[in-house]
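Just so we're on the same page: letters track the sequence lines, and every chain starts at 1. Source: prediction; values computed, not measured.
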Protein chains: 2
Amino acid sequence: MRHDSRLSRMLHVLIHMDRHEGAATSETIAAMLNTNPVVVRRTMAGLREKGYVRSEKGHGGGWTLGRPLSEMTLLDIYEAVGEPPVFAVGPACDQPACLVEQAVNAALSDAFEEAERLLLKRFGRVTLADIALDFDARMMRHAAQAHVASGCHS
Amino acid sequence: MRHDSRLSRMLHVLIHMDRHEGAATSETIAAMLNTNPVVVRRTMAGLREKGYVRSEKGHGGGWTLGRPLSEMTLLDIYEAVGEPPVFAVGPACDQPACLVEQAVNAALSDAFEEAERLLLKRFGRVTLADIALDFDARMMRHAAQAHVASGCHS
DNA sequence: TCATTCGCAACAACATAAGTTACAAATCTA
DNA sequence: TAGATTTGTAACTTATGTTGTTGCGAATGA
């Protein structure tokens, strides 16, 4: 696989759910994400455990938000999908006997850990509501664009 | 594979080469890295193109440093191995039509790009000589440790 | 009772770094 | 020149983790 897209997908879904009347089925969500319902259930299971979403079985069931978007950060969702490894690059060996390799690992892990701290700190400061707000702004621009494209210059 | 270890391996090798008399064969290097000579040639090809190492065929051939460790940064080597993707996490789709997904991608890529800039900036400030120096310090500590462990308390 | 929907296990597909095999080409030595 | 050494490279296999798929059980509501 190229990379892990669970975080991205979950953010996408949660914002759609916020704008969605009633429960969304795994089927509906799968269509949004261009995937299939089992993948949706599998990934959303982590969010359910943390209470970010709820699921109901049977007729009229599906997924609903467990709390407002303003009370979920990117960090929350990253943790809920299992805190997957952030980096695709890393050491050849975790506990090398070779002192050269130990020095190399130390230099690299210092750098990677600093970058990860920065990333997660930033994730912790961005709420899903922030992204939803940006979405609204994009909608406005998109509508304005369409208005101009339609030929109306009023 | 768990992750890309080319950068780590190349740093390891370059420091060994600096402490190595004459040319090191792919075979020798492969033994250091617990891999095989073809992997070594394949990975080192990138460093050769940039002039960080030279290779000679035939009897007495092998690999030599193309410049001192003080004139190579982690960033140089990262670039020489082909600037592999830093992150294992990313967007589900690169050019989404969905405006929600666009907003999500924007939020994530802002954060990832900031972290990557920090990482590469740091890579650019660390030379291989810095790591070699840390290796020397580790050697000292290691020797002292062995001395104490030997039972000598002088 | 039956359709709907989630839960979950098991397995296949896929992508990519790493490992392996095979052979050509270059270089040195005798 | 013959032969050993060593790199260069293509082609294929292996390993690992996410994603995709199938199948079936369980819960819920009409």
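- One can place NE2 of His3(B) at 14 Å from C1' of dT16(C), the figure rounded to the nearest angstrom.
- Contact annotation for Arg6(B): backbone-only contact, meaning every heavy-atom pair under 4.0 Å involves sugar-phosphate atoms and none involves a base.
- Taking atom CG on Leu47(A) and atom P on dC6(C), their separation rounds to 14 Å, with Å as the unit.
- Of the listed nucleotides (dT19(D), dT20(C), dG8(D)), dT19(D) has the atom at the smallest distance from the side chain of Ser5(A).
- When distances run from any side-chain atom of Ser26(B) to the nucleotides dT7(D), dG19(C), dC6(C), the shortest one goes to dT7(D).
- A salt bridge links Glu114(B) and Arg122(A); the closest N-O separation between the charged side-chain nitrogens and carboxylate oxygens is under 4.0 Å.
- Checking dT7(D), dA17(C), dG20(D) against every side-chain atom of Asn36(A), the shortest atom distance belongs to dG20(D).
- Rounded to whole Å, atom C1' of dT19(D) lies 12 Å from atom CG of Leu33(A).
- Take the nearest nucleotide of DNA chain D for Arg41(A) and for Glu56(A): the residue whose nucleotide is more 5' is Arg41(A).
- The nearest whole Å value for the distance from the CE atom in Met44(B) to the P atom in dT7(D) is 9 Å.
- Where Lys57(A) and Thr43(B) meet DNA chain C, the nucleotide closest to each residue was compared, and Lys57(A) sits on the side nearer the 5' end.
- Taking the six-membered ring where the residue is Trp, Phe123(A) and Phe112(B) present perpendicular rings, their angle passing 60° and hence far from 30°.
- With hydrogens and angles left out, the side chain of Arg42(B) and the base of dT16(C) share no donor-acceptor pair within 3.5 Å.
- The side chain of Arg9(B) lies closest to dG19(C), out of dT18(D), dG19(C), dG7(C).
- In this entry the distance linking CD of Glu27(B) with C1' of dG19(C) reads 14 Å, nearest Å.
- Taking only side-chain atoms of Thr25(A), from C-beta outward, the nucleotide of dA10(C), dC6(C), dA22(C) with the closest atom is dC6(C).
- Distance, Asn34(A) CG to dT18(D) P: 21 Å, rounded to whole Å.
- Between dA18(C) and Thr35(B), no contact under 4.0 Å exists linking OP1 or OP2 to a side-chain N or O.
- Closest approach to the Asp4(A) side chain among dT19(D), dC8(C), dT20(C) is made by dT19(D) (side chain taken as heavy atoms from C-beta onward).
- One interatomic measurement links the two molecules: CG of Leu7(B) to P of dA18(C), which rounds to 11 Å at whole-angstrom precision.
- Rounded to an integer number of Å, the gap from Met10(A) CE to dT18(D) P is 14 Å.
- If you check the side chains of Ser55(B) and Arg48(B), you find a donor sitting under 3.5 Å from an acceptor.
- Of the candidate nucleotides dG7(C), dT19(D), dT7(D), dG7(C) has the atom lying nearest to any side-chain atom of Ser55(A).
- Projected onto DNA chain C by closest heavy-atom contact, Arg48(A) and His59(A) fall at different nucleotides, the more 5' of which corresponds to His59(A).
- Applying the ring-ring contact (aromatic ring centres under 6.0 Å, His included) definition to pairs two or more places apart or across chains, none involves residues 36-58 of chain B.
- At a threshold of 4.0 Å, the pair Asp4(B)-Arg9(B) does not count as salt-bridged, since none of the basic side-chain nitrogens sits closer than that to a carboxylate oxygen.
- Atoms CZ and CH2, on Arg54(A) and Trp63(A) in that order, are 12.0 Å from each other to the nearest 0.5 Å.
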